[in-house]
Amino acid sequence: MNNFKLTVAKDMLSCLAEISSDINLTVDDILAMFEYPPDSSLGDIAFPCFKLSRILRKAPPMIAKEISEKFKSSVVSKVEAVNGYLNIFVTNEYLINNVLYEIENKKEKYGSDGSGIGKVAVFDYSSPNVAKPFHIGHLGTTVIGHSLKMLHEFQGYDCVGINYLGDWGTQFGKLIVAYDTWGSQEKVENGGVDELVALYVKFHQEAEKDEELNQLARNEFTKLESHDERNIKLWKWFVDISLKEYQKTYKQLGIEFDSYKGESFYTDKMPAQIEKLRNSGLMKIDDGASIVDLSEYNMPPCLILKRDGSTLYPTRDIAAAVYRKEAYNFDKCIYVTSAGQSLHFAQWFKVVELMGYDWYDKLVHVPYGTVSINGEKLATRTGNVILLKDLFATAIEKVSEIIEEKNPNLPNKEEVSEAVGVGSVVFYYLYNNRIKDINFIMEDALSFDGNTGPYAQYTYARCCGILEKASGLNVNTDPVITSSEEADLLKVLSKFNEAVKDAIKEYEPSVITRYIIDVCSSFNKFYHNCQIVNAEDESVRNTRIRLTNAVKTVLGSAFGLICMKKTEKI
Ligand code: ARG
């Protein structure tokens with residue numbers, strides 16, 4: 001609808017000039033005034049006349065009426081003055097020329113306006129902590145992060161996806177002690193990450209009874225920090241095992257990272273920033289620790305060094321941001337984490353600003369709410385957590401049961417079960433406003449007739465099925481719109497770019513999941529009320545087949561924006 005609105009706004013400007021020379025609006029003002037009526041039978045866009053009432057000293061309904069009599073536009077089929085609004089209807093020719101043809105021409109680029117071309121966006125997301133479980137709390141950062149990356153890429157940004165692995169810290173001291181005390185090479189080789197997590201959990205249980213274990217762990221970490229050969233070897237091994245396993249989950253989601261530079265990478269990048277902080281006088285000693293006082297900004301101090309001189313989470317993030325600015329010269333650097341870390345980001349962003357880095361305002365924190373499953377919150381450390389891979393595995397298994405029951409002869413059953421199972425989890429999660437806490441209910445996620453991933457994928461497969469039936473037909477007659485379902489469908493498709501822009505502006509992938517549902521409902525209404533391949537009139541049939549193809553194109557692009565795979569058959 002973007003271009004439609006723009007054309008109408010220009011025509012509206014000429015019309016208003018004709019009505020009165022006192023009206024000093026610009027095209028942008030008018031664009032900002034347009035609204036979408038609650039129901040498309042009331043019009044495709046509405047122009048409220050309340051603001052004009054003061055300037056023209058007339059009642060809004062009278063103004064609306066006057067405009068309705070004078071307004072002319074080649075893209076508008078009719079206008080109606082209702083209660084102080086001017087309701088504006090788009091022509092079918094516009095829908096064909098500017099929506100259907102445009103989708104057919106631009107294909108998978110349709111919906112992108114290229115506004116990111118020439119800009120660089122960095123995404124810091126997923127970033128699990130090695131040896132700690134990759135649990136459902138990471139679902140948010142992983143799928144929101146990747147969706148935001150895909151959205152930016154779609155708009156033409158040069159994107160860098162970074163997995164800032166938690167691959168350094170005292171947990172490795174604990175893990176080494178646990179491995180030496182209760183573990184074995186064989187068990188770790190066979191058990192992988194699960195065994196590492198079990199060792200880590202065991203360490204915490206035992207350390208509660210035996211405080212000395214903590215000292216041993218600190219010693220092992222100190223040895224690691226000073227590059228003790230054996231500890232470095234063990235550390236690398238632990239990281240490798242974990243990474244291999246994470247990559248299985250990423251593969252299911254279709255995620256690839258451009259960089260796995262984790263926390264360990266920044267160890268030698270910190271001293272320069274600490275030095276800069278010290279020289280600038282920003283850093284103060286407080287009870288032995290080094291801090292940056294942020295009381296002026298209503299925040300607790302940002303901790304830079306502990307009393308023993310060791311670095312902290314913010315120290316590393318500051319060094320990493322400086323490194324990334326130099327390495328990528330980003331226009332935006334986006335961090336996706338749980339809302340629990342919001343203060344951390346606000347604090348160190350402020351420190352970066354105080355340090356005089358003029359790109360501080362290009363750092364963006366995107367927080368999200370908590371996840372519980374069937375009402376249960378997660379508890380880390382105790383080992384009582386739901387792993388992301390298990391959540392996906394359960395969904396995949398349930399989908400394969402459904403397929404076994406309903407469509408046992410489906411080709412590529414395994415692939416489809418994975419796409420639909422994983423897609424259902426992702427879609428259900430991303431359907432919510434990211435900041436809201438969500439309670440995950442598997443049955444709801446897997447339902448084929450709610451606003452769900454399976455419903456969307458089913459609709460996509462339905463398009464593919466229709467197109468398969470129509471293959472071989474020559475559909476290149478002049479398109480005609482003969483029903484409101486067809487027109488409504490094109491109107492929904494015309495809003496794709498707006499959805500993309502809103503999703504980026506708000507850092508909110510749920511705009512896309514909701515848009516997908518709008519497209520699916522509109523398509524299914526069309527499908528149920530209109531004959532497609534069997535339509536009697538040839539040009540009607542051809543138009544409908546092309547419409548189906550346009551829906552397939554837009555849905556396919558939109559799925560890609562939210563890490564959901566598409567499947568041609570279910
Ligand atoms: N590894 C951290 C965690 O699991 C998340 C890292 C987020 N990114 C960052 N640059 N701090 O909590």
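In listed order, ligands and their atoms are each counted from 1. Heavy atoms only: backbone and side chains are in, while hydrogens, waters and symmetry mates are out. Keep in mind the model is a prediction, meaning the values are calculated, not measured.
Side chain to side chain, Asn451 and Tyr431 meet the donor-acceptor criterion of an N or O pair below 3.5 Å. With hydrogens and angles left out, the side-chain atoms of Tyr323 and Gln273 include no donor and acceptor closer than 3.5 Å. Of the N and O atoms on the side chains of Glu508 and Ser510, at least one donor lies less than 3.5 Å from an acceptor on the other residue.
If you look at Trp348 and Tyr335, their ring centroids are closer than 6.0 Å.
Under the 4.0 angstrom criterion for non-hydrogen atoms, Gln341 is in contact with ligand 1.
With hydrogens left out, the protein atom closest to atom 3 (C) of ligand 1 is Asn129 ND2, 3.5 Å, a heavy atom.
If you look at Asp317 next to ligand 1, the close heavy atoms, those under 4.0 Å, all belong to the side chain.
The shortest N or O to N or O distance between Asp124 and ligand 1 is below 3.5 Å. For the pair Thr337 and ligand 1, the shortest N or O to N or O distance does not fall below 3.5 Å.
For ligand 1 and His138, the ligand atoms under 4.0 Å from any heavy atom of the residue are 4 (O). Against a heavy-atom cut-off of under 4.0 Å, Tyr335 is close to the following atoms of ligand 1: 10 (N). Shown in contact with Tyr313 at under 4.0 Å from a heavy atom are these atoms of ligand 1, numbered in order with element: 2 (C), 5 (C), 6 (C), 7 (C), 9 (C), 11 (N). For ligand 1, the atoms sitting less than 4.0 Å from at least one non-hydrogen atom of Phe345 are 9 (C), 11 (N), numbered in the order shown with element in parentheses.
With a 6.0 Å cutoff to the six-membered ring centre and a 45° limit on the axis angle, Lys276 counts as a cation-pi contact of Tyr357.
By the 4.0 Å N-to-carboxylate-O rule, Lys251 lies too far from Glu256 to be salt-bridged with it. Ion pair Lys350/Glu353 flagged as a salt bridge, since at least one NZ, NE, NH1 or NH2 atom sits closer than 4.0 Å to an Asp/Glu carboxylate oxygen.
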